[in-house]
2 protein chains.
Amino acid sequence: MPENPGIAAALVRLSFLVQRHYAQICAQHDLSPAQAELMCVLKDQARGLTELTRMLGVERPGLSGLVARIERRGLVRRETNPLDRRAVTVALTGRGKEITDDFYAEVSGRLRQLVAHLPADQQEQFTTTAFGILLAEEVPPIFGDAEEPGTTS
Amino acid sequence: MPENPGIAAALVRLSFLVQRHYAQICAQHDLSPAQAELMCVLKDQARGLTELTRMLGVERPGLSGLVARIERRGLVRRETNPLDRRAVTVALTGRGKEITDDFYAEVSGRLRQLVAHLPADQQEQFTTTAFGILLAEEVPPIFGDAEEPGTTS
DNA sequence: TATTGTTATACTCTATAACTATA
DNA sequence: TATAGTTATAGAGTATAACAATA
């Protein structure tokens, strides 16, 4: 029987655990999880609003408000496209970039600590399996490079 | 070097992926993620409010409102303890139990589908690693049995 | 007309502070 | 006094519906 009864509980609990750490680091940086997610998506490139609704999985009005709130804090900037004056692009400001880099590094460090007690080969196997799931689901690069895990270089 | 650069991104993205599926199934059952989480915790036993704040990681006032909203919908019931008249216990009603069982089964099924394309031994290895992380972090049984994964019976 | 965004509205979630009741 | 909960308040997140501007 290919059914694995424990894997669902493992996935759910692990996701809540990661979200809890994520949220805690957000709070330390005075960011909400949604704000942090947006900023991590913008970390390496500016994005259009429509593109962001797809990547973040939120509706337009929600994104509109989300951007407005961090724009008000000077962490993000709206840019208009002269070619299509309806379109809006969002980019991090200098200060937004700093905060995002800090946040990103801290989350990465915390999660690596989380698995630090596991043998290296088990970590690698786990990462490979996780990316196997993510690739099949076409999960957007919400966090980390768009590149693949194999790039351990 | 024991550093695994991809594992943090894997954990974050995977957690968002699971949360997305979880939230979608919540919506199908007309539940918010927080409500569903509470109900899954109550699935097999009633719990005290203080205990629930620890398990769910929320403050008392938040839990108070959360319970009030699903109580109003008849899915949950408050019970008082005659021995300590300050204490309150929360339990699922019959209808709450039905909905929770449905929800639980659907989430389990969906997540098993998510990994169905992976070979069985890779699924098992993944589950083992995940529980290794969860045990080390003492994550409460938010979803699934309090028992261990080895119980594949 | 179709698309891009924003505004209006309503509800849930969640934190802090202040309060009530019981121990 | 200390503990268990609730109420008050405020802000964030997010959905739907209605609107404005541009294509």
Side-chain angles (χ1 to χ4, degrees), chain A residues 16 19-20 22-41 46-73 75-91 142, chain B residues 16 19-41 46-73 75-91 103 142:
Chain A
F16 276 97
Q19 294 286 321
R20 198 169 71 205
Y22 190 91
Q24 194 197 318
I25 299 171
C26 284
Q28 285 171 13
H29 292 257
D30 196 29
L31 295 171
S32 70
Q35 288 168 356
E37 190 185 1
L38 170 58
M39 291 175 72
C40 283
V41 165
R47 303 273 188 179
L49 280 188
T50 296
E51 188 181 9
L52 287 171
T53 63
R54 281 196 310 269
M55 293 185 75
L56 303 179
V58 295
E59 296 300 320
R60 305 265 184 67
L63 182 59
S64 224
L66 182 60
V67 170
R69 283 184 291 273
I70 32 183
E71 185 183 27
R72 207 181 303 145
R73 291 174 50 185
L75 306 185
V76 128
R77 177 176 57 236
R78 273 183 171 86
E79 296 167 348
T80 52
N81 180 348
L83 299 179
D84 181 345
R85 286 156 54 212
R86 295 171 304 180
V88 170
T89 291
V90 187
I142 279 317
Chain B
F16 275 97
Q19 294 286 321
R20 198 169 71 206
H21 283 283
Y22 189 90
Q24 194 198 318
I25 298 171
C26 284
Q28 286 171 13
H29 292 256
D30 196 28
L31 295 171
S32 70
Q35 290 169 354
E37 190 185 0
L38 169 58
M39 292 176 71
C40 283
V41 165
R47 304 272 188 179
L49 279 188
T50 297
E51 188 182 8
L52 287 171
T53 63
R54 281 196 310 272
M55 293 185 75
L56 303 179
V58 296
E59 297 300 319
R60 306 265 185 66
L63 182 59
S64 223
L66 183 59
V67 170
R69 282 185 291 275
I70 32 184
E71 186 182 27
R72 207 180 305 144
R73 290 173 52 185
L75 306 185
V76 128
R77 176 177 57 236
R78 270 182 173 87
E79 296 167 350
T80 53
N81 179 350
L83 299 179
D84 182 344
R85 285 154 55 213
R86 295 172 304 180
V88 171
T89 292
V90 187
F103 172 80
I142 279 320

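All of these numbers come straight from a predicted model, not from anything done at the bench. Sequence lines set the chain letters: A, B, ... in the order given, protein chains first and strands last, and positions in each chain run from 1.
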Let's see if you can work this out: which of D:dG13, C:dT14, D:dT6 has an atom nearest to the side-chain heavy atoms of B:Ala34?
C:dT14

Measuring from B:Leu49:CG to B:Arg86:CZ, what's the distance to the nearest 0.5 Å?
13.0 Å

Among residues 78-91 of chain B, which contact DNA chain D at a heavy-atom distance under 4.0 Å?
B:Arg78, B:Arg86, B:Ala87, B:Val88

Atom of A:Pro33, atom of A:Cys26 and distance for their closest heavy-atom approach
CA-SG, 3.6 Å

Just verifying a value: how many Å separate A:Leu66 CG and A:Leu52 CG, rounded to the nearest 0.5 Å?
9.0 Å

Can you tell me how far C1' of C:dC11 sits from CG of B:Asp30, to the nearest Å?
12 Å

Without decimals, in angstroms, what is the distance between A:Gln24 CD and C:dT14 P?
16 Å

About how many Å separate CD of B:Gln35 and CZ of B:Phe103, when rounded to the nearest 0.5 Å?
10.5 Å

Establish, with yes or no, whether the OP1 or OP2 oxygen of C:dC11 is under 4.0 angstrom from a side-chain nitrogen or oxygen of B:Arg69.
no

What are the residues of residues 48-63 of chain B, sorted by number, that bring a heavy atom to within less than 4.0 Å of DNA chain D?
B:Leu49, B:Thr50, B:Arg60, B:Pro61

Rounded interatomic separation in angstrom, taking CZ from B:Arg72 and P from C:dC11
10 Å

Among C:dT14, C:dT6, D:dA12, the one nearest A:Ser64 by side-chain distance
C:dT6

Can you measure from NE2 (A:His29) to CG (A:Leu75) and round to the nearest 0.5 angstrom?
12.5 Å

Find out whether B:Leu63 and B:Val67 are in side-chain contact, i.e. whether some heavy atom of one side chain is under 4.5 Å from a heavy atom of the other.
yes

Mind checking whether B:Thr80 and B:Arg85 have side chains closer than 4.5 Å, heavy atoms only?
no

Could you tell me if the side chain of B:Glu59 sits less than 4.5 Å from the side chain of B:Thr53, heavy atoms only?
no

Integer-rounded Å distance: C:dG5 C1' and A:Glu71 CD:
13 Å

